[in-house]
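Every chain is numbered from 1, with letters handed out A, B, ... down the list of sequences. Heavy-atom basis, side chains included; hydrogens, waters and symmetry copies ignored.
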Amino acid sequence: MTSDAPVFHPGHASPESLLRYRPWRGSLGGPWRGALAVARLSLAGLIRRKLVWVLLAFAALIFLSFFFGQYLLIWAVGQINEEEVRVAGFQRVNPNNLIRDLNKELKLNGSAETFRNLFWYEGSILIVTLAFVGAQIVGNDFRHRSLPFYLSKPLAGRHYIAGKCLAVSAIVLAVTALPAMILFIEYGLLDGWEYFWRSGLLFFGILGYGAVLAATLSLLLVAVTSTVQKTAPLVMVWSAIFILIPRVAQFLAVETASPNWRLIDLWNCAYVVGNRMLGITLDKQPSAGASAAILIATCVCSAVILARRVKAVEVV
Amino acid sequence: MTESAAAAVDSRLLAFEDASKWYGPVIGVNQVSLALGPGITGLVGANGAGKSTLLKLATGQLKPDLGSVSVFGVDAWDWRAKDYFGYCPDVDAFYEEMSGAAFVRTIARLCGYKAGEAADLASAALERVGMTGRAGRRIRGYSKGMRQRIKLAAALIHDPPLVVLDEPLSGIDPVGRREFLELFLALAGQNKCLLISSHELEALEKLTDHVAVMARGRMVAVGTLATIRDLFEDMPLSVRIDCPECRQLAARLITWDEVAGLDAGSDSLIVRARNPRQFFRAFTRLVCDEGIAVSHFEPLDDSAHAILGYLLGGIGKT
Amino acid sequence: MDPALLDLHHVSRTFGPLTALDDVSLNVPPGRLGLLGPNGAGKSTLLKLLMGLLPPTTGSGTVLGQPLGCWRLRQMVGFMPEADALVPGLQGVEYVALAGELYGMPRSQARRRAHEVLTYLELEDARYRKLEEYSTGMKQRIKLAQSLIHDPPALLLDEPTSGLDPAGRDAMLRLLLKLGRDHGKSLILCTHLLADVEQVCDQVVILDRGKVCRQGTVAELCTTRKDRYRLQVQGDPAGFLVGCEAAGVDVLTNNGRGEYRLTAPPGWTPQSLFSLADRHGTAVRSLTRDDETLEEMFHRVISHDQ
C-alpha cells in the first residue's frame with residue numbers, strides 16, 4: 001500500500017497536478033525503528049569521513065598481520081623437517097626458530113592469548129578512532145541543537161541513546177570482535193576441525209569481550225560527548241581516561257605493590273574481564289569481579305548522565 | 001553653529017551617500033543614498049535584500065567600500081559616532097551566564113559610565129523595557145521576548161538620539177509587542193530617530209508612515225506609504241464591492257471607461273479600475289444617485305502589504 | 001464521526017510549586033486551531049502534553065482519539081519546531097527521509113515520499129543541497145516538510161512564520177491554509193502573530209496564566225460593532241470632517257491621511273456615508289465594517305482578566 005493518489009498520464013499531467021499534495025497510507029512502525037534509523041544515520045555520517053577510513057585501515061593492518069602470521073605458523077609447522085626455509089622470498093630462517101617466535105612472542109597459536117592480544121592491539125586503534133569520531137556521532141547533535149528534531153518524533157530519549165550506542169558498538173565490534181572471530185575460524189580451518197571442539201568456549205569468550213568493550217565504550221563515549229561536544233576537548237578527555245589514568249594506575253600499582261590501583265584504569269578493567277572471559281587468569285592484576293563492578297558502575301553513571309542531558313532538552 | 005546649519009544636521013541624523021558594501025563577490029548594499037531625520041523609519045525588504053548590512057553600515061560595524069555613512073555629520077566608522085546611536089542586533093549575543101541586569105550594567109560600563117552611574121542607568125533602561133523584576137535571572141533561561149528586551153535596554157542605555165533596531169519584534173508575544181510599539185512611539189516623541197527593520201508590516205504600519213524599501217541591495221523606494229502608493233496610481237486597482245444584486249451593478253460598471261474588467265460573484269464583485277481616482281469619484285456619485293446598498297467597499301491591493309508586494313514581488317493575500 | 005482534535009478534561013500540570021496548566025478543559029473538533037497566549041501562559045506546556053512528552057499531573061484527555069501521555073501522539077501529530085532543529089551535514093532530502101523513518105515509516109517509503117513532499121513544498125531544486133546552505137525561508141519549508149512526511153492527520157506548528165519576510169510568510173500561510181482546507185489536515189498553530197492566525201485558522205483558543213480564557217471561532221469571539229466603520233476618502237478631508245461633525249458622525253481616529261474609524265448615528269447605512277462624502281466634495285476609497293479584530297479581542301481579553 002503506498003498511495004491512493006489517482007494515476008497520472010504523463011502526457012496530460014500538468015505541473016500543478018504533479019505538485020498536488022498526495023496522501024500516504026501505510027503502517028508506521030514503533031519508536032525502535034527510529035532508533036535503528038538513528039544508528040544507521042550515525043554510521044553513514046562516519047563513513048563519509050576520510051579520517052575514519054585511515055584509522056580503519058590501521059586496524060585492518062593489525063588484523064592482517066595476525067591473519068597472515070597465523071597462516072605462516074601453520075605453514076612453518078608443515079616445513080619442520082627442512083633445514084631452512086625462505087620467508088618473504090629472501091630471508092632464510094630455521095622453521096623451528098620461526099615457530100618459536102610466532103608461538104612465544106605473538107602467541108599466534110589459536111589460543112586464548114592470540115585473541116586477547118588482538119583485542120589489545122585493535123583496542124588501541126579503536127580508542128584513537130573513537131576520540132576522533134565521537135564528536136561527529138553525538139556531539140554535533142547537542143551542539144547544533146538537533147535533538148528537538150529527534151525527540152519530537154515517536155522515539156523518546158532512551159531510543160535516541162540506544163541508537164547512538166548501537167552505532168558506536170557497531171564500530172567497536174567491527175574493529176575487535178569481528179576480526180577475532182575471523183581469526184578463530186581461520187585457525188580452525190587451517191588446524192583442523194577438532195580445534196573448534198577443543199576451543200569452542202573461546203568463541204563465546206570473544207563475543208563476551210567484544211560485548212563488554214562495546215557496552216562500556218559506547219555508553220562512555222556517548223555520555224562524554226553529550227557534555228564535551230567538540231573534537232579537540234573530546235580528544236583531551238579521552239586521552240586522560242585512556243592514557244593518563246592508566247599511567248598513573250600503573251605507577252601507583254607498582255609503588256604500592258597493590259594491583260587494586262589498576263581498577264581506576266577502565267581499559268585495564270575491560271582487559272581483565274575480557275581475559276577472564278577468554279579463560280585466562282592474570283597475576284598482579286585486580287580480580288575480575290572488581291573490574292566488572294567498576295565497568296558496570298561506569299556504564300550506570302554514563303547512562304544517568306545521558307538521561308539527564310537528554311531530559312534537559314526542550315523540544316518545544 | 002548657526003541655526004540653519006543645526007537644522008540641516010537635524011534633518012540628517014543619519015546619512016548614507018552612495019554607500020556600497022560587498023563581501024568578496026557578494027554585494028550587500030549597492031549605492032544607497034538615504035537621509036533620515038527625527039521620527040521612525042521602517043526598513044522593509046525580503047530576506048537577503050541587504051537590510052542587516054545597511055544597519056551595520058549605519059552603526060559603523062562595517063565600513064562602506066564606496067561612498068560614506070555619517071551620523072550627526074561624523075563618519076559612522078569613527079568611534080566618536082558611537083555616542084550618537086544605540087543598536088539592537090537581530091542575533092543574540094549575550095554572556096549567557098550573566099543575569100540580564102548584570103549584562104546591561106556591563107554594557108553601561110563599556111559605554112564609559114562609572115559603576116554607580118552605570119547601575120542607575122541600567123535599572124532605568126530595564127524599567128523602560130519592562131524587565132524590572134525579571135532581570136535578576138540568568139540570560140540562559142530567557143525567552144525570546146525577554147532577550148529582545150535586554151538587547152533593547154542595552155541599546156538605549158546611553159539615551160542615544162539615533163536608535164537602530166534590527167528585527168526588534170521577532171519572537172515577542174502580543175502583549176510585549178504592544179508595549180514595544182508604545183515605547184518606540186515614545187522614543188520618536190522625544191525627537192529621536194529610529195530606524196527599524198521588520199518583516200511585520202502590520203506592526204510597522206501602526207508605528208510609522210515612513211518606510212525605506214530595499215531589494216537586492218538597492219534602495220527601491222523611500223518615503224511615506226502615500227507617496228509610494230502614488231507611484232502605482234496608474235496601475236489597475238482591484239476593488240471589492242459587496243452589495244445585493246451585484247450582477248446588475250456589474251453590467252453598469254462594465255460600460256465605464258475606468259473599469260478595465262471585473263469578476264462578478266453572487267453577492268460580491270471585484271472591479272479592476274484603471275484610473276482609481278476617477279473611479280472612486282464616479283462610484284461615490286453612482287451610489288448616491290442610485291441608492292445602491294453597498295455593504296463593503298475595499299481596494300484589495302492598496303495596503304502597505306500589497307504596495308510592498310508590487311515593489312518586492314510575490315506578496316498577495318490568500 | 002471523527003474523533004475530536006482535542007478533548008481535554010480538567011487537565012492540570014504543575015512543576016513543583018509552579019502551576020503551568022490549571023484545570024484545562026477543551027473540546028475542539030478537527031480543523032484549523034490557533035493557540036494564542038502571552039508568554040508564560042502555559043502554551044509550551046500544553047504543546048508538550050499534546051505531543052505526549054509530558055503526562056498531565058491530573059486530568060485526562062485525548063488528541064485525535066489517542067490518550068495523553070502516549071508516544072503515539074507524536075506519530076499522529078507532525079511537529080514543526082520553532083528552533084532550527086536541523087541535522088547539519090545532511091542533504092535536504094536525506095533529512096526529510098530521516099524524519100519519515102523516525103516517525104516509523106519503512107525506509108524505502110520514506111525515501112520515496114521525501115522527494116514527493118519536497119516537490120510539493122517547492123523545494124525541488126534545493127533537495128540535494130546541504131541544510132547549512134538553506135536560507136531562512138527554505139529552512140522553514142523543510143521543517144514543514146519533515147513534519148508532513150508521514151502524512152499525519154494533524155500538524156502542530158510552533159511559530160511557522162518566524163524570520164520569514166512578507167513574501168515568504170504569505171507563501172507559508174497559503175501553504176498551511178491549503179493543507180488544512182483542501183487536504184483535510186488539522187492544524188494547531190501556535191504563534192505570537194495574530195494576523196497569521198486570522199488568515200489561517202477557523203478556531204481560536206486563548207490561554208492566559210495556565211487557564212483557557214476563550215475558545216471559539218474567530219467570528220464568535222470578536223464582537224461585531226454595529227454602526228462602526230473604517231472609512232477612507234480622497235479629496236479635501238477638512239470639509240468632510242466638518243460635515244461629519246454636523247451630521248453627528250463620531251470620528252474615533254483620524255490618521256491625517258484621510259483614513260478614519262468612526263461611529264455612524266443610529267439608523268445610518270453605509271450608503272449614508274457615501275452621500276456624506278459626496279456632499280463634501282470627497283469620494284469614498286474604502287468603506288468597511290470596523291468589527292473587532294482578533295488582535296483587539298486578544299488584548300481586551302488578556303487585559304480584562306488581569
Side-chain angles (χ1 to χ4, degrees), chain A residues 1-5 15-42 44-46 48-49 135-137 139-160 163 310-311 313-316, chain C residues 43-48 50-53 71-75 77-90 94-95 97-107 109-110 112-113 116-117 119-122 124 132 143 146-151 156 158 178-179 182-185 190:
Chain A
M1 239 193 336
T2 53
S3 154
D4 53 16
E16 286 96 273
S17 65
L18 285 173
L19 287 175
R20 220 178 56 97
Y21 184 78
R22 297 175 190 204
W24 180 82
R25 294 285 170 274
S27 53
L28 295 171
W32 289 107
R33 189 180 271 179
L36 277 181
V38 170
R40 189 169 50 229
L41 176 86
S42 309
L46 287 182
R48 289 180 192 178
R49 292 195 52 188
Q136 164 104 24
I137 295 186
N140 275 353
D141 281 348
F142 279 90
R143 201 148 62 92
H144 299 289
R145 296 161 198 265
S146 312
L147 273 152
F149 167 70
Y150 293 105
L151 299 182
S152 63
K153 307 291 180 288
L155 66 173
R158 62 179 184 282
H159 304 108
Y160 170 79
V310 172
K311 205 176 170 195
V313 171
E314 290 278 337
V315 177
V316 179
Chain C
K43 269 190 305 174
S44 343
T45 309
L46 182 59
L47 289 193
K48 280 180 199 158
L50 298 185
M51 287 174 67
L53 291 167
W71 63 266
R72 287 208 176 267
L73 287 176
R74 293 198 293 283
Q75 212 162 48
V77 179
F79 177 61
M80 175 178 170
E82 183 191 1
D84 270 354
L86 304 176
V87 181
L90 290 190
E94 288 178 306
Y95 174 71
L98 171 67
E101 280 187 77
L102 294 177
Y103 275 122
M105 286 172 86
R107 181 164 158 76
Q109 285 294 324
R112 184 191 67 74
R113 198 175 139 83
E116 201 172 283
V117 171
T119 305
Y120 175 69
L121 297 181
E122 289 162 33
E124 201 167 14
E132 298 90 304
K143 272 156 55 181
Q146 61 88 28
S147 67
L148 262 181
I149 174 76
H150 60 307
D151 195 26
L156 212 163
D158 195 7
K178 219 160 81 180
L179 282 169
D182 305 345
H183 303 299
K185 299 260 168 281
C190 199

So what's closer than 4.5 Å to chain C heavy atoms on A/Arg143: side chain, backbone, both or neither?
neither
Going from CZ on A/Arg25 to NE2 on C/His150, what distance comes out if it is rounded to the nearest 0.5 angstrom?
11.5 Å
Between C/Leu73, C/Asp158, C/Leu148, which has the largest tally of heavy atom pairs under 4.5 Å with chain A?
C/Leu148
What residue, out of A/Gly30, A/Pro31, A/Pro148, has the most heavy-atom pairs lying under 4.5 Å from chain C?
A/Pro31
Could you check if a side-chain atom of C/Leu156 sits within less than 4.5 angstrom of a side-chain atom of A/Val316, using non-hydrogen atoms only?
no
So which of A/Asn140, A/Leu36, A/Val38, A/Val315 has the biggest tally of heavy-atom pairs under 4.5 Å with chain C?
A/Val315
Please determine, among C/Leu90, C/Val87, C/Leu47, the option with the most heavy-atom pairs under 4.5 Å with chain A.
C/Val87
Derivation and outcome, side-chain contact (heavy atoms from CB on, under 4.5 Å), residues C/Glu132 and A/His144
CA-CA 11 Å; C/Glu132 298 90 304; A/His144 299 289; over 6 Å; no
Between A/Gly34, A/Pro154, A/Gly45, which has the largest tally of heavy atom pairs under 4.5 Å with chain C?
A/Pro154
Which donor-acceptor pairs under 3.5 Å do side chains of residues 97-107 of chain C form with protein atoms, sequence neighbours excluded?
| unit_1 | atom_1 | unit_2 | atom_2 | d |
| --- | --- | --- | --- | --- |
| C/Glu101 | OE1 | A/Arg40 | NH2 | 2.1 |
| C/Glu101 | OE2 | A/Arg40 | NH2 | 3.3 |
| C/Glu101 | OE2 | C/Arg107 | NH1 | 3.2 |
| C/Tyr103 | OH | C/Phe79 | N | 3.3 |

Can you check whether A/Ser152's main-chain N or O pairs, donor with acceptor, with C/Arg74's side chain at less than 3.5 Å?
no
Of all residues at least two apart in sequence or in a different chain, which pass the salt bridge (Lys or Arg N to Asp or Glu O under 4.0 Å) check with C/Arg113?
C/Glu116
Under a 3.5 Å distance rule, please check whether A/Ser146 uses its side chain to pair with a backbone N or O of C/Leu86 as donor and acceptor.
yes
Would you call the rings of A/Tyr21 and C/His183 parallel, tilted or perpendicular, taking 30° and 60° as the class edges?
tilted
Quick one: what part of A/Leu151 sits under 4.5 Å from any heavy atom of chain C, side chain, backbone, both or neither?
backbone
Pick one of side chain, backbone, both or neither for A/Leu41, based on which atoms fall under 4.5 Å of a heavy atom in chain C.
side chain
Please classify the contact of A/Glu314 with chain C as side chain, backbone, both or neither, using a heavy-atom distance under 4.5 Å.
side chain
